[in-house]
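A quick write-up on the structure given underneath.
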Amino acid sequence: MKNFSKTVLLSAVIILLCVNFVKADDFTDAIMKAKKNLQASMNTYDEKALLKVRGEFERILQLKKNEWIVTYYLALIDYTIASSAMGGENSDKDKVKKYTESGFGNLEKSILVRDDFADSYILRYALSFNRWIYESDKMNDIIAQSEEAKTKSEKLESDNPRLSLMDGISTYYMPEMFGGGAKNAVPILEKSVELFAKRVEKEAYYPDWGKDMAYGFLVLAYIKRDDDGDKKKAAELFSKAATELPDSSFLKGFVKKELDKNGK
Amino acid sequence: MKIILLFFFAAVFSTVYSQQDSLKTTSVVKGTVKNKSGKFLENVNVVIEGTIDGTSTDEKGYYEFETGKTGKRVIIFSAVDFGEKKMDVDIEPGSVFVLDVTLSNTEFKTDEINVTASSFTSGENSRVTLSPLEITRIPGADADLYRAITTFPGSNQVDEGSRIAVRGGDPSEVLTFLDGASLYNPFLFSDNYNTSSYSTVNPWGMKGINFSSGGFSAKYGNVLSAVLDLQSYDIPQTKGMFAIIGLANAGLSGVYKTKDNKFGATFSAGQFFIKPMLAINNDNTDFSPTPTASNFGGTLAYKTSHTGLLKYYMNYSYDDMGVRSTGPSYDGYYSGKTKNFFTNLKYSFAPTDVSLLNTSVSLSTYNRTDKYGIINTISNSIYGKVRTDFGTPVSEKVDISTGMEYEYNDYKANGTAPMYFYNLREDAPFFTLDNLDKTGRAGVYLETKYKISDNFLVQGGVRSDYYTLTKKTVIDPRLSVVLRITQHSFLKAATGVYHQNPGLVYFLQGNTTDLKPEQAVHYIIGYEYNRDNDFILRIESYYKDYSNLVSNSINYYDYTSDGKGYAKGMDVFLKVRLKPKFNGWVSYSYVDSKRTPYDGADKISSDYDITHTLSLVSEYNISDYLTVGATYRVSTGKPYTPVIGSVYDPSQNAYIPLYAQRNSARFPAYTRIDVNAQYIFALFGRFAVAFAALNNLLNTKNLYEYNYNFDYSRKIAVSSSNIRTIYFGMGLQL
């Protein structure tokens, strides 16, 4: 009789666990589905598609309040929308500010729950660059914020390719006199491309964005540096990237245009 | 056994039952989302709370989704620039549930109203009017906060220096507030003959700068016209040092913080030397000694707890100069020397999640020596203050703040002063000064900020001050309102009663304790349009009604509190920023300021009745590294009192001037154009900036004063010492 009681109790526990496992699986499935949609919308930089997938993540948040990976993805979408609104001289400052601040807010929620995820600090590092657009007066504050985020991510995961990518992009745009420029960006971006090639994310639902940007910016840096053989390297790298990542509008559009214009 | 079985079935059934939602007949939820003005909103997220069921609105604001989650539910509507709106619903299984939603302004996240009448801000505030970078770049402002403020409407420079007079008032009616302490003499070369003053406040060291030229809050006591409220940085954000060297000065500043962000320190030190600048600019002004000044200051900040912060601030400055001045009775060097020390210890912490308590103790000393002929005076002022402020919201709509302070001031004067004002020769008759007077002031205030709606804010308060020397108590009610008309435009109005004790020097010279606190009643109304600081338009008109002003009695020997006056006018400010190339503003002021010169007299122009003032400031970024700028200022000449004759006094062998009615004439109009340029580059791999300025480009001979020959028969125009001056230098990050 005693054994029967134990069996009944064990069965109850197993059934409960199974049901909850199914629920957790729903959650993971939902994230994976949304992540796939995000990848597609990041490939095209289509704001409407990005906002649509943003809604998906917001709804997933209803399943698990304050889930750090969901708020991370919300911040990543905010960053992507803000970055695409920069567009040089015609930048939409209001939009950059709105989504950058929203990105910071979502990222803080994510870090509050999980503070050892390197990609969160890399994203914070990236978001802090956007502040130049609408808070250029706060130079010291922005530098301090980006340095702090960079240092933290280096400590957590120094071989994260997205960290080298952000470093490379910031070096690429920084004036040469301050240690920036294409020449200095090339080795950093090469490192990023190498790291991406070896990279296997620990979990399928972890972020894996940035590979096309690493390829693309390295192509741009080669073209701009223009040392002996650089243009050939740029063309070869672009060809490889386009084969590997055929859906990237960044590669197919911006980088290809630059390659056609100045890469020959 | 029964219990175990019961538990088993309950667990299984409850779990399985909870999965049945999806097996039930699904319902359709659909509708539209629009804003208050009827515009359909795209990309609003719609979701049933606690579920993943939902969708986003399309470009027509339409949404539709299927759900098995029926019964009593909550649907959430949200978007990045909208707040979250929750709607209670009851969805019947198998039904089509229609829900149209309007997100009204209450859901729209707008900036908090933080616009107040007559206020200009800088620092971290989201609605700053002028950033520290802009302050340092204004041509002619010489990176000086106070000089920068004079490019705003309503304020004028005193002798082209950093001291300012606001809306027709006297310079003494402007109070500088730093971390809750009163900062009385933050200037070098203040009140020296034909020498422009410089401020000792470093704009980069301030996280918040708020300048109010009227209608300010009840937290500020003992000030009649304007307040410059400064908040220094707490823990610095970074570490580093910056050195600067120029043709007339050198400086070193630095910031430090510990890794755990619990302790931070800042310092700045500067030395002023103008010989190289005089030589390069061929300036032959007869100085002895050549002006020199030193300045040292810094902060120490320590986080005592999560919300507690102990901060110490100190600043010391010293200046010394002499300049030749030829007057009717004496030809020699005017010599001025000051030593100024200010220190403040502030502790702040949050007693609750939403309240803040600040307590500060400050002490400052000001020592001044003046010599010219028989004039040889040393004055010492000591100011001490203890202050506590507490602020907390009492509801979502109401904030209250309250505080109290006690301030001590003593003034001591020693030396020799001329017996006859028209005879300043070194051997002239004199009397000896050895006076000391002191006073205290206890103040208390209570203020409420009531957010009637997101678009309407009322701030009302009252303060009371008791002056120990005169044993007089004043009560000052104050009120300001702001109405948001659109997202970017506001109507503002303010009124209030303001009191300020006359300077102790009047009590000493008049040998009296019977002077009342001077009084001004402000009335201000204005309009502001501010689109993210890229486009700002402000128009304000004001009226200041003065009474109890210190005034000469009819015999000119005594002081009374019978002076009356007014200042009325209009300020217009237009700022345009066309990023990334252009930034500029235009400010215009009209003022009519009159006061009674002595008891019973008609009102006449006050000393700073400068009718029209126009400033144009612009800066242009030629490239990412090179910026050029220009400032043009023009204003009506300042009033002065001409001499219309003289009488010989054989006993003094000097002439007694006979004056026309006070302030009955005006200097010629004042004009000045300044230009400057900054170039950013790398030096030894470090950030560096080179700068050059050309002040008074056209070398306009603006007037400092009229002097006279020995018998006052010939008027001699004395030009301002601010001739065309080239200045250059560079800064380097270390």
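To find a chain, count down the sequence lines: A is the first, B the second, and so on, and within it residues start at 1.
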With a cut-off of 6.0 Å (strictly less than), are more than 12 heavy atoms of other residues, nucleotides or ligands near OH of A/Y206?
yes

Might you point out which heavy atoms bring A/A30 and B/I52 nearest each other, and give the distance in Å?
CB-CD1, 3.6 Å

Quickly, which of A/R59, A/E58, A/Q62 forms a side chain to side chain contact (heavy atoms under 4.5 Å, CB included) with B/I76? Name it, please.
A/Q62

With a 4.5 angstrom heavy-atom cut-off, is it the side chain or the backbone of B/V255 that approaches chain A, or both, or neither?
neither

Side chain / backbone / both / neither for B/S56 at chain A, heavy atoms under 4.5 Å
both

Bottom line for B/D534: the part with an atom under 4.5 Å from chain A's heavy atoms is side chain

If you count heavy-atom pairs under 4.5 Å between each of B/N45, B/T57, B/N43, B/I48 and chain A, which one has the most?
B/N45

If you count every heavy atom of other residues, nucleotides or ligands that lies below 6.0 Å from A/K35 atom NZ, does the total exceed 12?
yes

Heavy-atom proximity to chain B below 4.5 Å, by part of A/E101:
neither

What part of B/Y625 gets within 4.5 angstrom of chain A, counting heavy atoms only: side chain, backbone, both, or neither?
side chain

Can you confirm whether B/K257 is buried at NZ, in the sense that more than 12 heavy atoms of other residues, nucleotides or ligands lie under 6.0 Å from that atom?
yes

For B/I680, which atoms come within 4.5 Å of any heavy atom of chain A: side chain, backbone, both, or neither?
both

